[in-house]
Amino acid sequence: MLARLFPNPVLSGFVLVIWMLLVDSIGAGAILVGVILGLIIPRLTQGFWPDRIHFRRPKVLFTLIPVVVWDIIAANAAVAWIVLTRRNRDLRPVFLIIPLEIREPHGAMALASIITLTPGTVSVQFSADRTTLYVHMLDCPDETEAVEDIRTRYERPLKELLEC
Amino acid sequence: MKLLLIVLLPLAGIVLPPVLVRAGRTASAWAAATPTALALVLLAGMAPTVFEGGVVEASWPWMPALGLNLAFFLDGFGLLFAGLILGIGLLIILYARYYLSEDDPMGRFYAMLLAFMGAMLGIVLSDNILLLVVFWELTSISSFLLIGYWRHRADARQGARMALAVTGAGGLCLLAAAILLGHVVGSYQLQAILAAGDTITASPLYLPILGLVLLGAFTKSAQVPFHFWLPHAMAAPTPVSAYLHSATMVKAGVFLIARLYPALSGTEEWFVLVTVIGLATMVFGAYGALFKDDLKGLLAYSTISHLGLITLLFGLNTQAGVIAGVFHIINHATFKASLFMSAGIIDHETGTRDIRKLGGLRHYMPVTMWLAAIAAASMAGVPLFNGFLSKEMFFTEVVVESERLGGIGWLLPVFATIGGLLSAAYSLRFVHDVFFGDETGALPRHPHEPPRYMRVPVEILILICVVVGVVPSLAISTVLATAAGGVLLQAPEPFSLALWHGFNVPLVMSVLALAGAVALYYQRDAAERWHERTFPAFTGKGCFESVLAGAIAASRRLTAWLDDGSVQRNVVLVIGTAVVMAAAGGITGGLDAGSRALTPAPLPAVAVWLMGVIATVVVALRHHDRFLALVATGVVGLLSALTFIYISAPDLALTQLSVEVVSTVLLLLALNVLPKETPHESSPGRRWRDGVLAVAGGGGIAALAYAAMTRPLDSISRYFLETSVPGGGGHNVVNVILVDFRGFDTFGEITVLGIAALCVYALIRDEAHTMASADTEARHPRMLLIGSRVMLPLLAVVTVYVFLRGHNQPGGGFIAGLIAAVAMVTQYMASGVHWTEQRLTGNYFPMIGAGLLTAGFTGLASWLFDVPFLTSTFSHVNWPVVGDFEIASAVAFDLGVFLTVVGSVVLMLSQFGKQQPPVEGR
Amino acid sequence: MSEAITAVFILIGAFFVLVGSLGLLRFPDFFTRLHGPTKATTLGLASLLAAFVAYAAGTESGVTVREFLITFFLFITAPVSAFMLGRSALRRRVDSVAPRPAAIDDDEAEDDPA
Amino acid sequence: MLTVTLYIGFAAVIAAMAMNLYRLLAGPTAEDRVLALDTLYINAIALILLVSIQFADRIYFEAALLIAMMGFVGTIALAKYLGRGALMD
Amino acid sequence: MEILIASGIGVVTAAGIYLTLRARTFPVILGLTLLSYAVNLFLVSTGRLAINAPPIVHEGTKAYTDPLPQALVLTAIVIGFAMTAFVLVLALKARRELGSDHVDGRE
């Protein structure tokens, strides 16, 4: 029953949260309208979701999110430091080539985003078969280590969260 | 009411003949005759009142603000004319039934005839001078159609065009005169104007008014020098000529002169202008008629001449003159109509109207001969026929007048006599050349008497001629008195209509005229030769044509000079003119700043301003790199949005931002098809010129804006601000104005938007392709794909939010619609046209339609509460959980706006998206 | 109190916003410039939003959280924008300090027959 | 104290915008221009936030949100156009 | 502030005019866009400047700016977009039919 009402529960929840944020209230009214929207909008946008998100192990989020948030802040501090101190000719920018294990598209997308938001790296290209991710790194002492770091830190948890 | 019916019956009858002509020509004729007859009966019903000196009035407001009312009144004079129009109209309908040939579209003919009849009745009955002008122009138009009835004939078309040009121009003069009159008198009511004669003649505007009125009248009644259209109008079918040029159209001019007689006459100017023109026309027309070989041409010129005579009589400023004038109107109507119809019969039976070919017809159509002869005699002013009486009165008046004038006054009777002589001469020619003399044997057809009923109208008219001519006082004097009374606004002193006034000057003049006529007729060949020697072929038509050609050529040259086909040049001209005009206005009007206290400008504002200026200048100077120009324009847009926010216009900021992005997408899509670079081709000179123009324009606008902003403002918006919440049920006044106060404008604007979208769609439909494209990483990068899909619901929620809050906070249908459109467009960009449109639930046309209908019906709904269109009704409903929630009908309207905007914007963008870059070298 | 927090957040935000644009201004090639805005500016804005929230908490309008929506939003969009730009730079062979990996070329070759 | 920090904030944001504008106009690559425009949008949000703190008015929230969304869409449109001529294929 | 707005409007107008006088369709369209920015700003400014006084009715006496020009301009912006789209279509059509994007249809 619920499953039929909410074919895409994650999306519906998403919508509800957005709505409550927008109207800036946790009142019953807000929730009601939010739920209604949660009913309607996924239906309207159904066609545009060929494959939907399933959280296999939601609890991973609780470990992943803090890590990411922390890394974002750290990343910015680092970049800020480079921007302010490093002279251009001392920069060692490189393109990293990261073979992906994760196949789930949203996972891959999330990974790419996180990479962009975290230390000195911006993901700039998927390979044609979408199995490799090209990442530009602002200042890289050791490529292999950087790649390994990314895979352990973000790809694994994302895989756990969405696949297997 | 009846009065209005008299006018409306013919106009309403227009539809009948074309319909009933399927049931046969006779049926069609009946269909035309019935409304006419009915109107005549109604008129007869009112006649007694009028004969007792009463006036029938009826009035309905039409455009009271303009002082234009459907006001009619029937007095003696009106009665006379209405009688002529309807009576002779009936005869003409009967006559035309037999005159028109099988292949003439009879329904159309009768329809036009009725239209003309109605217009004429309107002229003679209307009690509002503006209304009169309206009907006046109606007669011009319907007569244009009637004269050009035989479309296939070039001369008919030309004649019609000429008539329309001349009389139409006269009509415009008349309109001007009418407005001036209303201005002087303070009312457009005709009777009021007639009563205010002294005021008018005293006013400084008298001369202009007089001039304009006379221009109107003279063009209509073909007075010299505007006579030339009349002969060419003879290309019309004879019934038309008989109707228009005996009793109605040309008489309208005379009617106007007579009608406004109380208002304008009595002055020297009136006397000189009207009399002289009348006299000139009379003599000229009569002379011209003498040498015409075409029967109808002869009659046309004689008509001109007789109209001149009538005009002259009204010019004399005497009561007797008026009576004589009115009398001659009646007589001329009768004999001239019958003459035209006889001419028509002759033409119809012999196949020619050329006097030189005709001859000896008395053997074949004796009855017609008699009829024509009597009518001609009446025209010539032979005793025992009505023409004689009015001519006698005319002569009498002239003599009296000349005695009054003294000096060169004797010229008046002399010319009068000459006129009479000539008119007698051509009458004689008309009869003798056609019916007597020996046969020329040049006739296309073997002549014989016309069908019985074709002759009846003529016979009736001739009967009138004779009766009036023999026992005038019994037959006509009451009518005449009443009609003249209508003109003079008082019952005229008793006058005697008698055949015999004893031996006096007028009688002598008549005798001279008739005798001279006979003499002249027998010397006609000599006269003809003399005529050809003295007057080279010089026709009014010639001047008219040359004037026309000149005007056309001039306008062609002007157009060619203004528009040589270069858009660039036109834009320069337009903008240049605008700048110059504005500069002139600014210099004369003054653009000095006002007293309003200035608003402080914080540092950020200055910085934003600076960036904006820089970005703008870059757009202008580096526009050859189109991408850069586009991006820089984006900056300007963003900064203007910031400005909107700062000067407290949040709604505008939101709209600006959304439109900004959709236009960017649009321009990119276009750039995809257009060249990416603009070549450097403008010469330095041109660049400098444009630069100067631009700076001038910009400076002017800046000065204007500054002046506007610094001057104190007393806006009508206080009302909106006060009534927004109580009246419109919304706190966001801008939105309330859009959907409620000025909802109708908004409705119009979204309609425009929808139309524009459809045009865009239609214009490039042929080049639009949607082929399925492989879903490669190159085409649809995953990052964007997933990202946009995450965005979609988010944008949807925001749309709902912005829409719902719109009535009370920044937002509303327009902005929500734009956001939704942006969400859609994002999908298009991420996943491609094909993929997206596969997944669309509906297409955009129903969406636009639904939007417009929703908005429209919301507006109509407010009629149910009988309040004006689009008045918002709203109420506060207390929902169980949601709490106090407001429902305004305006929200429904806003929904319409929303749908229209989404549909239109996405339709346009997707259509652009389907364009393929052109194959180079095309 | 809330004023103090607001002030701190404003300062942090201002700092990062400035740094982001500075990176955009001074780095040698496009790819390096890409880093500044995508990270620093995003965070800077986040902290400014936090400042606003803290400030609003102090005023009568009371606690508000909806501003975080914008932050959340930016965290989704910023990487996408950066990715798209970097991608187009790669495809158009915009010159870069970092050596261009050969892998990209042959894979673009197969990727985009058009 | 708040006013002072506000001024610092304004100064910083304005400076940042100025730098973006420079990058936008100077290029050299088209990507640079687009990136600069994107950053300019985000800075505009910052500016609005500061202004609304100054005016103690929350009405500008919608504007900020919309700038964020529209900035994004505009950027990806420009980027996709650059990366591959066709925008919607 | 008035001076800034006025001069700003002036500059944008000038650039707009200059571009509308160019020979190719695309700059002309950009020029029209700029012109519509300027016109919109001008119309709003005729409601006079008011800082932090948006026309959203609140309780308590508060100064509001003039809402009428804003309502006017709001629709004007949207219609302006439609106009741009339409002109662009004409530009595309002209380019297809004439093989040139010169406003006069000939190089």
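Here is the naming used below: chain letters follow the sequence lines, and residue numbers restart at 1 for every chain.
Heavy atoms closer than 4.5 Å to chain B are found in both the backbone and the side chain of E:I3. The contact between E:V12 and chain B is made by backbone and side chain atoms together, counting heavy-atom distances below 4.5 Å. Interface remark: E:Y37 contributes side-chain atoms only to the contact with chain B (heavy atom separation under 4.5 Å). For chain E, the nearby part of B:F720 is the side chain; its heavy atoms alone come within less than 4.5 Å. Contacts between B:T643 and chain E at a heavy-atom distance below 4.5 Å involve the side chain alone, from C-beta outward. In this structure, chain E has no heavy atom under 4.5 Å from any part of B:V579. When heavy atoms are compared at a cutoff of 4.5 Å, B:Y646 approaches chain E by way of both its backbone and its side chain. Residue B:L667 touches chain E through both its backbone and its side chain, counting heavy-atom pairs closer than 4.5 Å. Of the two parts of B:E660, only the side chain, counted from C-beta on, holds a non-hydrogen atom closer than 4.5 Å to a non-hydrogen atom of chain E. Heavy atoms of E:L19 lying under 4.5 Å from chain B belong exclusively to its side chain. Both the backbone and the side chain of B:R711 come within contact range of chain E, with heavy atoms under 4.5 Å apart. For B:I575, the part lying under 4.5 angstrom from a heavy atom of chain E is the side chain only. Residue contact with chain E, scored on non-hydrogen atoms closer than 4.5 Å, is absent for B:L654. Residue contact with chain E, scored on non-hydrogen atoms closer than 4.5 Å, involves the backbone of B:A597 exclusively. Interface remark: B:V608 contributes no atoms to any contact with chain E (heavy atom separation under 4.5 Å). Heavy atoms of B:R596 lying under 4.5 Å from chain E belong exclusively to its side chain. B:M709 touches chain E through backbone and side chain together, each having a heavy atom under 4.5 Å away. The contact between E:L74 and chain B is made by backbone and side chain atoms together, counting heavy-atom distances below 4.5 Å.
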Check step by step if salt bridge (charged side-chain N to carboxylate O under 4.0 Å, His left out) holds for E:R95 and E:D101.
CA-CA 5 Å; E:R95 160 97 166 138; E:D101 68 336; 5.5 Å; no
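A pairwise comparison of heavy atoms in B:W609 and E:S7 identifies NE1-OG, 3.0 Å as the closest pair. Between B:A757 and B:M908, the shortest heavy-atom contact is CA-CG, 3.7 Å.
Between chain E and the options B:L610, B:V752, B:T616, the largest number of non-hydrogen pairs under 4.5 Å is found for B:T616. Chain B forms more heavy-atom pairs under 4.5 Å with one residue of E:S45, E:G80, E:A91 than with any other, namely E:S45. Comparing E:I9, E:T25, E:L49, E:T33 by heavy-atom pairs within less than 4.5 Å of chain B, the highest count is held by E:L49. The most heavy-atom pairs under 4.5 Å with chain E, out of B:T599, B:L598, B:D766, B:V760, come from B:T599. Chain E forms more heavy-atom pairs under 4.5 Å with one residue of B:I645, B:L721, B:V695 than with any other, namely B:L721. Among the candidates B:V659, B:I755, B:L693, the residue making the largest number of heavy-atom pairs closer than 4.5 Å to chain E is B:V659. Note: B:G637 leads B:G637, B:S904, B:G697, B:S682 in heavy-atom pairs under 4.5 Å with chain E. Per-residue counts of heavy-atom pairs under 4.5 Å with chain B were compared for E:A15, E:G16, E:P69, E:P27; the largest is that of E:P27. In terms of heavy-atom pairs under 4.5 angstrom with chain B, the leader among E:L90, E:T46, E:L30 is E:L30. When each of E:T65, E:T75, E:N40 is checked for heavy-atom pairs under 4.5 Å with chain B, E:T75 comes out on top. Comparing E:L68, E:L34, E:L4, E:L41 by heavy-atom pairs within less than 4.5 Å of chain B, the highest count is held by E:L4. When each of B:N570, B:V617, B:L671 is checked for heavy-atom pairs under 4.5 Å with chain E, B:L671 comes out on top.
Partners of E:R48 by salt bridge (charged side-chain N to carboxylate O under 4.0 Å, His left out), not counting sequence neighbours: none found. Qualifying ring pair (Phe, Tyr, Trp, His ring centres under 6.0 Å) partners for B:F627, counting only residues two or more places apart in sequence or in other chains: D:Y81.
Looking at B:Q911, its side chain does come within 3.5 Å of a backbone N or O of B:Y761 through a donor-acceptor pair. No donor-acceptor distance shorter than 3.5 angstrom exists from the side chain of E:Q70 to the backbone of E:G47, with no hydrogens or angles considered. Here the side chain of B:E677 pairs no donor or acceptor atom with the backbone of B:R626 at under 3.5 angstrom.
The structure places CD1 of E:I29 at 11.5 Å from CG of B:L630, a figure rounded to the nearest 0.5 Å. Rounding to the nearest 0.5 Å places CG of B:L669 at 9.5 Å from CG of E:L88. Interatomic distance, B:L652 CG to E:L72 CG, rounded to the nearest 0.5 Å: 10.0 Å. To the nearest 0.5 Å, atom CZ of residue E:F81 and atom CG of residue B:L818 are 8.0 Å apart. Atom OH of E:Y18 sits about 14.5 Å away from atom CG of E:L35, to the nearest 0.5 Å. Atom OG of B:S663 sits about 10.0 Å away from atom CE of E:M83, to the nearest 0.5 Å.
Contact of the E:R22 side chain with the B:T678 side chain is not registered, since no non-hydrogen atoms from C-beta on lie closer than 4.5 Å. Proximity of B:V673 to B:F912: side-chain heavy atoms (C-beta onward) are nowhere separated by under 4.5 Å.
Aromatic ring pairs are classed by plane angle as parallel below 30°, tilted from 30° to 60° and perpendicular above 60°; the pair B:H624 and B:H680 is parallel.
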